[in-house]
Trainee: 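Before we start, here is the structure in question, set down as structure tokens.
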Amino acid sequence: MPKRLSIGRYLLDQLHRHGVEHVFGVPGDYVLAFYDLIEKSPIDCIGTTREDSAGFAADAYARVRGLGAVCVTYCVGGLNVTNPVAGAYAEKSPVIVISGAPGLKEREHNPLLHHRVRGFATQREIFSRITVASTSLEDPVTAYHEIDRVIHAVERYKRPGYIELPRDMLDVVHPHVHRDRSLQEETDAAALAECIAEATAMLNESRHPVILAGVEVHRFGLQDALIELVDKMQAPVAATIMGKSVISETHPLYLGVYEGAVGQTAVQKAVESADCVLALGCFMSDINLGVYTANLAPSRTISATSEKTSIRRHSFENVPFRSFFKALLKARLRRRRKPRMPKPEPTKGSSPRDGDRITMRTLYPMLNSFLTDDMVVISDVGDCLFGAVDLTIHRRTEFLSPAYYTSMGFGVPAAVGAQVANRSLRPLVLVGDGAFQMTGLELSTVVRLGLNPVVVVLNNHGYSTERMIMDGPFNDILGWNFSKVPDVLGSGWGFVARTVGDVRKALEASLANRDSFSLIEVDLDPRDVSPALARLGERLGKQVKGPPK
Ligand SMILES: Cc1ncc(C[n+]2csc(CCOP(=O)(O)OP(=O)(O)O)c2C)c(N)n1
Ligand SMILES: [Mg+2]
């Protein structure tokens, strides 16, 4: 017979059962007793320098392991984590936010307790808008069920959830025995059969189908199924930028990242000239679609996501993404002859000399040559992300970035989350000087935990992405001695690289140094941008002033 656990213990027990072994956050008095409970549980608590870093770390942890958690105090902590949680919502990353709150008894007579904003429910109301399920555990009769409800919703929709824990509810034990009744996602078998029959007919009739793989293939753990489907159909496969690395980029049928006119022309041609596009787990965001330069006609598209499954212009109810994917694998799909693959575009300037000034064009092929199978490449937002489109990721889960929500500050904290999630992964972080100034000092946690990411700071002296859209003094920032950060933190190796040779040597030394983090400041010309950013900047520059009147 299951033991009767207190509400706090049950919450930790359930998180652990669902694969959470680490919780990120900063304590505060409203959540201290819960922190003490975490200490006594099999879950490890990872303290970060700020709550937003904890949020980014939990997001990366969730992307690598399937579920992540942050634990924060009331309002000052909780509201600090709204931006990463909003990002996790937008990009479908399953993160659970646990926030302490004033005890129910303390709230009698409506006192002005510290950290309170408006009403006692204000923080929960805010989170209800940026999570898929939220609750405050105020009633012992429903609390256990509420914990299950939030965790199940997070797992099902791969979006964040919010659990608020008034501090005097932590040790409350409800006398009834509670059992978790896991909810199964419903599949309408008849609708699924009809949908698969139609999809099969459309795919078998097509002469040149292309698969477009998106982020949900990764979130639902369908990477192996994708490879099986690609091999079965012998169809070329492209990835969206959010889905980059869902399939090994060295797979013989891999085309590259499809991003409309912003991406490589050969990939654009291959996808847009296909007579049937099978889009799996793709969210058609503006960046995914190359700021709406993509041309994917609905009349030749089959699209399945966790939110909608549609063929041409009609959609099917109760055909969940995973069921669709698995059924398609079993369908009688015509195996075609090996398609002719477009040749990859030659990268200009790919054999630079050691004394040459480093540029975005020469940096990425060099990084490519240093990538190994045990690495996870993590990109922040900025030109580092546009340049990263041209990196060849060897295995599949190895590229993490906030490519849709595009919040700066993701990179360094995400390296903490990814490496805590899987110690055998070595993070290679690509981050701009501006984004590093936001959360780069989370390297403090890297030192505390003995992690060893290689952090490449692309110092183009300001907000280059913004400069491409509209320039002004607002894009200037203070120049930091980035390579001196190890001195501040008392650990780590720092390098400044100006030339191709400097970068090579710094990368070699950093990768050989497995005992601490390394930081390589790549000093770039302020006007130097990647080819993809140059193309994108042109388009965004036109849009920033609104549509033509
Ligand atoms: C949290 C956040 N604030 C502001 C922005 C707007 N923004 C997008 S790119 C960018 C500049 C990034 O600068 P840096 O990290 O140096 O990269 P660069 O563009 O120079 O390569 C800014 C401010 C953002 N995306 N996220
Ligand atoms: Mg910059």
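In listed order, ligands and their atoms are each counted from 1. Hydrogens, waters and symmetry mates play no part in the numbers below; they use all other heavy atoms, side chains included. Numbering of residues begins at 1 and proceeds along the displayed sequence.
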Trainee: Rounded to the nearest 10 degrees, what's the angle OD1 of Asp433 makes with OD1 of Asn460 at the Mg ion (ligand 2)? Could you check?
Mentor: 100°

Trainee: Please check this pair: side chain of Ser369 against backbone of Met366, looking for a donor-acceptor N/O pair closer than 3.5 Å.
Mentor: yes

Trainee: Taking side chain as C-beta onward, heavy atoms only, is Thr82 less than 4.5 Å from Ile126?
Mentor: yes

Trainee: Under 4.0 Å, counting heavy atoms only: does Ser407 come that close to any atom of ligand 1?
Mentor: yes

Trainee: On a heavy-atom basis, I'd like to know which of Tyr463, Phe410, Phe436, Tyr405 is closest to atom 13 (O) of ligand 1.
Mentor: Tyr463

Trainee: Is there side-chain contact between Ile520 and Leu507, with at least one heavy-atom pair below 4.5 Å?
Mentor: yes

Trainee: What I want to check is whether the side chains of Glu164 and Ser99 have a donor and an acceptor closer together than 3.5 Å.
Mentor: no

Trainee: Please state which protein non-hydrogen atom is closest to atom 15 (O) of ligand 1 and give its distance, to 0.1 Å?
Mentor: Ala435 N, 2.8 Å

Trainee: Once the angle between the rings of Tyr30 and His114 is folded into 0 to 90°, is it parallel (under 30°), tilted (30 to 60°) or perpendicular (over 60°)?
Mentor: parallel

Trainee: Evaluate the criterion ring pair (Phe, Tyr, Trp, His ring centres under 6.0 Å) for residue pair Phe24 and Tyr61; output intermediate values, then yes/no.
Mentor: CA-CA 10 Å; Phe24 301 86; Tyr61 186 93; 5.6 Å; yes

Trainee: I need the nearest protein heavy-atom contact for atom 21 (O) of ligand 1: residue, atom name and distance, please.
Mentor: Asp383 N, 2.9 Å

Trainee: What is the closest protein heavy atom to atom 16 (O) of ligand 1, and at what distance does it sit?
Mentor: Asp433 OD1, 2.6 Å

Trainee: Answer side chain, backbone, both or neither: which part of Thr465 comes under 4.0 Å from ligand 1, heavy atoms only.
Mentor: both

Trainee: Side chain, backbone, both or neither: which applies to Met408 and ligand 1 if a contact is any heavy-atom pair less than 4.0 Å apart?
Mentor: both

Trainee: Closest by any non-hydrogen atom to atom 14 (P) of ligand 1: pick that one out of Gly387, Cys384, Gly434.
Mentor: Gly434

Trainee: Assign the ring pair Phe220 / Phe321 to parallel, tilted or perpendicular, where the plane angle (0 to 90°) is split at 30° and 60°.
Mentor: perpendicular

Trainee: With respect to Asn83, determine whether any N or O atom, backbone or side chain, lies less than 3.5 Å from an N or O atom of ligand 1.
Mentor: no

Trainee: Compare Gly382, Gly440, Pro402 and give the one whose heavy atom is closest to atom 17 (O) of ligand 1.
Mentor: Gly382

Trainee: Closest by any non-hydrogen atom to atom 18 (P) of ligand 1: pick that one out of Ile469, Asn460, Asn459.
Mentor: Asn460

Trainee: Of the protein's non-hydrogen atoms, which lies at the shortest distance from atom 8 (C) of ligand 1, and what is that distance?
Mentor: Glu466 OE2, 3.4 Å

Trainee: Is there a donor-acceptor contact under 3.5 Å from the side chain of Gln419 to the main chain of Leu425?
Mentor: yes

Trainee: Strictly under 2.8 Å, is any N, O or S atom of Ile477 next to the Mg ion (ligand 2)?
Mentor: no

Trainee: Keeping Thr131 on the side-chain end and Gly161 on the backbone end, is there a donor-acceptor pair under 3.5 Å?
Mentor: no

Trainee: Supply the atom-to-atom distance Glu21 CD to Leu67 CG, rounded to the nearest 0.5 angstrom.
Mentor: 11.5 Å

Trainee: Atoms of ligand 1 less than 4.0 Å from Thr406 heavy atoms?
Mentor: 24 (C), 25 (N), 26 (N)

